[in-house]
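Encoded as structure tokens, the structure appears first; notes follow it.
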Amino acid sequence: MKKILLLMLLPLAVFAQSNKLTKADKIYGLSKFWQEVNYNFVYLNKVDRAQWDSTYKALIISIPETKTDYDYYREMQRFCAMLKDGHTNIYMPSGKDFEPMNTMFGNYRFFIENVENKAIITHVNLSKKDEIPVGSEVIEVNGKPTAKYIAEDVAPYISSSTNYVLQDWSISKLLQGLEGSQFEIKIRKPKGQILTLKLTHKRTEEKEVFPAFPAESPLLDFKWYPNKVAYVALNAFDDQKIDSLFITKLPELYQAKSIIIDLRNNGGGNTGIGSYILKYLTNDSLLYGSRYSTRQLSSAFKAWGKFTSAKDTANNEWNKKAFLTYQDNYFYNLDYRPLKNQLLAKRIVVPTVLLIGHNTASAAEDFLIYADNQKHMTKIGRNSFGSTGQPYMFDLPGGGSARICTKKDTYPDGREFVGYGVKPDIEIIPTVKDFMANKDVTLDAAIDYLTKKKK
């Protein structure tokens, strides 16, 4: 009876799934990933190598026995998540057999977000808005308190450099599973009533969602607030068009007494695209961005390092290189040059707020590093994503793929932000009450700050 009960409490998929990979394919894919991490992962020195290797050895036995290709890739994602890096990932093959559902349960559809470290329902299909009020909290999943379910069944499969992004994603993916996966959840409504639902992932035909989602955010959004506060949302740096869009707004921006640059939804792209815009917002002729380094393997030095001890490295660069290479801990520092700002156009140097948050990532974080020493700029919001770098990408058996971070980025003075995030000067943490009142308290704080600064 205990075994039957356990099975009933797990997400179950009732549809046939792909099972094309051979045992040899599965072992090869696992070994390929393990090998490339050992050779290329820039943060290998932060990994518990004994645990990493022992997990690999255990998976050699267990991973060939996974029942489906989807299960195989899930185990690969769990293995990858041990590295705790947002730019090191395992990606599923394409196709329905590998596309989990997240929000649709037939007659029910709802979206869950992390608000005050709680799994809060933020949107629901229109016909269920009274049954499941927005602001309700998911307090139990499959017989486990939500926090325990996340710790055991969700977070171990997510690659993240920071604990807060791991928490965000674990909550937003709380009920993820293939079509047919089943969940039993308990929801606490805003007034305290408890609702129990048995759910099965199935496409929801109802299109209307409450509250309705705003229209898709444009690449660049521009608006005015009182006292000539110009608001500019830079929502991505993966399309060079945003630079042209910014240029078209310059005649208006030159009239601004202060500026808000919103980077909260900017997941990155190309660092050069973002730094081009920053050039207009500073008088500096040089901008100091991230310093870069990467691991370097010289096979002969690794061989010599086997016979080199720490005492042999004193005042001896050759032995030091051998010693560190043997430990997979020798780094090559890439050439560092500040970015020249030879812009001939008029600059806009006024009190400026940079809005940042957990989704400010990668090239958007590089933007923040360049802007770090700008005294007229103030960061308001929450820690940034805390992950950037240059991934090495390669294919895995069955159509999946992987990427491994090969480049370490730091502030110019060596301070680390990967794994920590760029910190705001003024932290603003939205509450459930703020969300239910539809308040953008971070933006409100920025406007208030700039208003007071003028007085």
Which word best sums up how the rings of [X] and [Y] line up, parallel for under 30°, tilted for 30 to 60°, or perpendicular for over 60°?
| X | Y | answer |
| --- | --- | --- |
| Phe105 | Phe183 | perpendicular |
| Tyr56 | Phe79 | parallel |
| Tyr225 | Tyr231 | perpendicular |

Centroid-to-centroid, [X] to [Y], below 6.0 Å?
| X | Y | value |
| --- | --- | --- |
| Trp169 | Phe385 | yes |
| Phe394 | Tyr392 | yes |
| Phe213 | His123 | yes |

For this session: Apply the test side chain to side chain donor-acceptor pair (under 3.5 Å) to residues His201 and Ser181: give CA-CA distance (whole Å), side-chain angles for both, the deciding distance (0.1 Å), then the verdict.
Result: CA-CA 5 Å; His201 270 308; Ser181 297; 5.7 Å; no
For this session: Begin from the C-alpha positions of Thr66 and Asp71 and carry the test side chain to side chain donor-acceptor pair (under 3.5 Å) through to its verdict.
Result: CA-CA 6 Å; Thr66 49; Asp71 292 338; over 6 Å; no
For the residue pair [X] and [Y], would you count it as a cation-pi contact if the rule is NZ or CZ under 6.0 angstrom from the ring centre and within 45 degrees of the ring axis?
| X | Y | answer |
| --- | --- | --- |
| Arg295 | Phe41 | no |
| Lys144 | Tyr149 | no |
| Lys408 | Tyr43 | no |
| Arg291 | Tyr336 | yes |

For this session: Take Asp434 and Thr431 through the test side chain to side chain donor-acceptor pair (under 3.5 Å) and record every step on the way to the result.
Result: CA-CA 5 Å; Asp434 294 330; Thr431 66; 3.0 Å; yes
Problem set entry | Thr271 side chain to Asp366 side chain, donor-acceptor N/O pair below 3.5 angstrom | yes
Problem set entry | Salt-bridge contact Glu75-Lys26 (side-chain N to carboxylate O under 4.0 Å) |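 No.
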For this session: Would you mind telling me which of Thr204, Asn125, Thr103 makes a side-chain hydrogen bond (donor to acceptor under 3.5 Å, both in side chains) with Arg109?
Result: Thr103
